[in-house]
Amino acid sequence: MDYLESLNPQQQQAVVAGTGPVLVLAGPGSGKTRVLTHRIAYLVGGLGVHPYHIVAVTFTNKAAREMEARLQNLLGEQQRGLTVGTFHAVCGRILRREAEHLPFDSNYVIFDADDQLRIVKQVLQELDLDEKRYRPQSVHASISRAKNDLIFVDDFPVQTYRDEVVKRVYTRYQQILLASNALDFDDMLLWTVLLMEDQPAVRERYARRFEHLLVDEFQDTNVAQYALLRHLSSFHRNIFVVGDVDQSIYRWRGADYRNVLRFEQDFPDAQVILLEQNYRSTQNILDTAMAVIDRNPHRTPKKLFTRRGRGQKIVVRELYDDREMASYVVHRIAEDVATGAAQPGDFAVMYRTNAQSRLLEEAFLAAGLPYKLVGAQRFYGRREIRDLIAYLRLVHNPRDEVSLTRVINVPRRGIGNKTLLTLQELARSLGVSPGGLLLRWGGGETPPIGEALSARAAASLLSFGEMLAAWHQAKDALPPLELMDRILADTRYREYLDDGTEEGQERWDNVMELRRLAGEYHDRGLVDFLEDVALISDQDTYDEDANVPTLLTLHAAKGLEFPVVFIVGLNDGTLPHFRSFDDEEAMQEERRLLYVGITRAKDRLYLLYALNKSTYGYPEPAEPSRYLDDIPPELVEGARSTVTRKQDLSPRRTAPVRLEAQFRPGMRVRHPHWGEGMVLNSTVDADDEVVDVFFEDVGLKRLVASLARLTVLR
């Protein structure tokens, strides 16, 4: 029990809380992961609960890995048998074990977001529906919401003609999934809940096994996840949930903060414990966050405090437009790095929408400063990686028609759309999948040459079928890495990919990275490898060790922290987003989104807004975010006049002070270390002048004029 000494009184109270339902309302940076891991250690070491009877669920693989690592430090080998994973991973294990009760086999594959959208587009085309009128992303979002709310096809409510269209697409979409022996992300939750409801014996077996159920980020659960938790905790009722209503920011994907309220209603005997001591941020940052969030209703008020001291005041800055805002961010980062005040990796730049990253990226590139962009094209979204994953999925599950369609002619082997369509028609006439038919041909059955296929087409299909049959036969004997190497060799994929160009080499390097990852699954096997790859998220690929500034959306910032945070674009219409103006619930979530961003900052926080926005290439006045008005003036660095509104005619409104440029393009200058150079460009903001100079010996440098000690020669 020595490990309890490292916890504060509120954390200790949570860790040693008795059995039964427990609700821990944890403020940001309050050590909720520590509480969860120490709670598990207490159950095992203090109460003697066998790890086999404990399950801990969270939302990202990154969080699950962190929890497992901490438990290894606390318990060592005592943690063997413990179930720790994401909701989807836990459901995946249950579904594979209980496949006999379900309409798909245990070797199902998981279709990722791109696969799901491709199927919706295919269905819209089959039904002769206009994609411009029924946007695939929107239709799929409606299907996803229905599944998250436990609404299956037959029960989908129809009140409008669009609902009728969505129901038709939903019906065909599910047919394709089941025909392919595949699930999407939402299915993993939906089918597990349906399994628990339709098979009482199965439900009781798992409810009896899991004596203790622990849940991270409880405020992000949706209806399906909450129903699953109710089923799994139905026997012992030992459910320990940690969450924060104020950090519920995923309503658009089904998360319902009201599950926290439902928990208190469904478990009236629950112990409720607050975690309010923050270990991340300074008090000024916490006070700013509380000033923003305290205006939201339906929440348990928390008084966040820290022992880190008040820290520096918040910087609220008005810039002329988004372009100047991006320049300001880059200049501040460059200055702090140049003076040694911070490391490049200390900085994060956060924004409401992905589109806002463009000007920021341009500013970083122009300054020659490296950066990393969270949520850009993911490693697993690259063409070559998707090809190889599709090959492996097809080998694992030959019924996967989406993967078959992707790779049957990659590299090119003379199988065009017409041949593929003929293969699909032949398979349907025989009551098998196209992949299943290829396996039969690869196993010795002769394709119907002349009847439906030309000799050339049949030869191409037979060749591919023989490879597929050989891979499929070897899949259980070979670890993922060796199976991948065999596919690469048989398809001569490197020759296809690496064409001698720099891009080709880069793509092959990506393949080598996938090989390295596959090597980590030598003992776990192909099923686990494919499942982990399918369920990976942007945060799971976030590289904490890269010492460069991070650009990311506020949604992607959840669970991360940085010494210095810039939140840009704090204008009405952007944050809060204009689509939220007429929706009270949405406006509350926009406020929570800003709260999450603010509480990512450890030492320094910049809140930036634009005086003007660009509309069709012309500047128009823009309103600062209404949420900035909630921040008390005593928390803000400098005069409170930095926040101005068009309708505000009080003396607070002051125009931004513009400095005069000292340097002009073409000027010759001398630097004390880099010698002579020529000014290429100069930009001025409210604080300083930044100069691009090409030096004869060291090349292009971007300099802050007040620090650079440049001497004008002519």
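Note that the coordinates shown come from a computational prediction; the quantities given were computed from them, not determined experimentally.
Residues that satisfy the ring-ring contact (aromatic ring centres under 6.0 Å, His included) test with W441, not counting sequence neighbours, are absent from this structure. When the side chain to side chain contact (heavy atoms under 4.5 Å, CB included) test is applied to R358, the partners found at least two apart in sequence or on another chain are E362. The ring-ring contact (aromatic ring centres under 6.0 Å, His included) check on F87 picks up F59, with sequence neighbours excluded. Taking the salt bridge (charged side-chain N to carboxylate O under 4.0 Å, His left out) definition, one finds that D321 meets it with nothing, sequence neighbours left out. Contacts of A227 classified as side chain to side chain contact (heavy atoms under 4.5 Å, CB included), with partners at least two apart in sequence or in another chain: L150, V193. By the side chain to side chain contact (heavy atoms under 4.5 Å, CB included) test, D198 pairs with L194, sequence neighbours left out. For Y134, the ring-ring contact (aromatic ring centres under 6.0 Å, His included) test picks out no residue, with sequence neighbours left out. Looking at residues two or more places apart in sequence or on another chain, you find a side chain to side chain contact (heavy atoms under 4.5 Å, CB included) between P103 and L178, W191. For F263, the ring-ring contact (aromatic ring centres under 6.0 Å, His included) partners are F218, F267, not counting sequence neighbours.
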Show which side-chain atoms of residues 419-432 pair as donor or acceptor with protein atoms under 3.5 Å away, not counting sequence neighbours.
residue: T422; atom: OG1; partner: K418; partner atom: O; Å: 3.0
residue: Q424; atom: NE2; partner: E401; partner atom: OE2; Å: 3.0
residue: S429; atom: OG; partner: L426; partner atom: O; Å: 2.6

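Taking the six-membered ring for Trp and thresholds of 30 and 60 degrees, F529 and Y521 have ring planes more than 60 degrees apart, a perpendicular arrangement.
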Practice task
Report the C-alpha separation of Q219 and R592 in whole Å, then their side-chain angles, then the decisive distance to 0.1 Å, and conclude whether the side-chain contact (heavy atoms from CB on, under 4.5 Å) test is met.
Solution key: CA-CA 12 Å; Q219 77 283 344; R592 294 195 292 268; over 6 Å; no
Exercise for the section: Run the numbers on T491 and Y391 for side-chain contact (heavy atoms from CB on, under 4.5 Å), then give the verdict. Expected result: CA-CA 10 Å; T491 60; Y391 267 116; 3.7 Å; yes
Practice task
Would you sort out whether D220 and Y257 count as a side chain to side chain donor-acceptor pair (under 3.5 Å), showing the intermediate values?
Solution key: CA-CA 6 Å; D220 291 335; Y257 73 91; over 6 Å; no
Exercise for the section: Mind running side-chain contact (heavy atoms from CB on, under 4.5 Å) on D216 and V57 for me, showing each step along the way? Expected result: CA-CA 6 Å; D216 190 15; V57 291; over 6 Å; no
Practice task
Assess whether side-chain contact (heavy atoms from CB on, under 4.5 Å) is satisfied between V202 and L195, documenting all intermediate values.
Solution key: CA-CA 8 Å; V202 173; L195 173 70; 4.1 Å; yes
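Ionic pairing of D112 and R386 is present here: one or more N-O contacts between side-chain nitrogen and carboxylate oxygen are shorter than 4.0 angstrom. Checked for salt-bridge contact, K167 and E164 miss the test: no charged N lies under 4.0 Å from a carboxylate O. Looking at R352 and E590, a side-chain N of the basic residue comes within less than 4.0 Å of a carboxylate O on the acidic one, giving a salt bridge. Salt-bridge annotation for D322 and K613: absent, with no side-chain N of the basic residue lying under 4.0 Å from a carboxylate O of the acidic one. A salt bridge links D256 with R262: at least one charged nitrogen is closer than 4.0 Å to a carboxylate oxygen. By the 4.0 Å N-to-carboxylate-O rule, K32 lies too far from D244 to be salt-bridged with it.
Sorted by first and then second residue, the side chain to side chain donor-acceptor pair (under 3.5 Å) pairs involving residues 92-105 (not counting sequence neighbours) are R96-E531, E98-R205, E98-Y206, D105-R399. Pairs passing the side chain to side chain donor-acceptor pair (under 3.5 Å) check and including a residue from residues 143-158, sequence neighbours excluded, read S142-R145, S144-D186, K147-Q174, K147-D184, K147-D187, N148-N222.
Here the closest heavy-atom approach between residue G435 and residue L404 is recorded as N-CD2, 3.8 Å. The two residues A390 and R406 have their closest heavy-atom pair at CB-CD, 3.8 Å.
With contacts defined as side-chain heavy-atom distances shorter than 4.5 Å, the pair L214/V241 does not qualify. Contact of the V395 side chain with the L483 side chain is registered, since non-hydrogen atoms from C-beta on lie closer than 4.5 Å. The closest side-chain heavy-atom distance from L129 to V165 is below 4.5 Å. You'll find the side chain of I415 reaches within 4.5 Å of the side chain of L461, heavy atoms only.
Figure legend: R507 and Y496 shown without cation-pi pairing, the cationic atom not lying both under 6.0 angstrom from the six-membered ring centre and within 45 degrees of its axis. Both the sub-6.0 Å distance and the 45° axial angle are not jointly satisfied by R393 relative to the ring of Y108.
The local environment of CD in E126 is crowded, with over 12 non-hydrogen atoms from other residues, nucleotides or ligands closer than 6.0 Å. Surrounding CG of D130 are more than 12 heavy atoms belonging to other residues, nucleotides or ligands, all under 6.0 Å away.
With 3.5 Å as the limit, one finds a donor-acceptor pair spanning the side chains of N510 and E384. Looking only at atom types and distance, the side chain of S248 has no donor-acceptor partner in the side chain of R299 under 3.5 Å away. Side-chain atoms of Y371 and E361 form a donor-acceptor pair, as typed in the model, at a separation below 3.5 Å. Side chain to side chain, N296 and D246 fail the donor-acceptor criterion of an N or O pair below 3.5 Å. Side-chain N/O atoms of N259 and T221 include a donor and acceptor closer than 3.5 Å.
Under the 3.5 Å distance criterion, the side-chain polar atoms of T574 are left unmatched by any main-chain donor or acceptor of L570. Panel note: side chain R203, backbone L232; no donor-acceptor pair is recorded below 3.5 Å. With Q225 contributing its side chain and L189 its backbone, the two residues share no donor-acceptor pair below 3.5 Å.
Atom NE2 of H577 is separated from atom OG1 of T353 by 6.0 Å, given to the nearest 0.5 angstrom.
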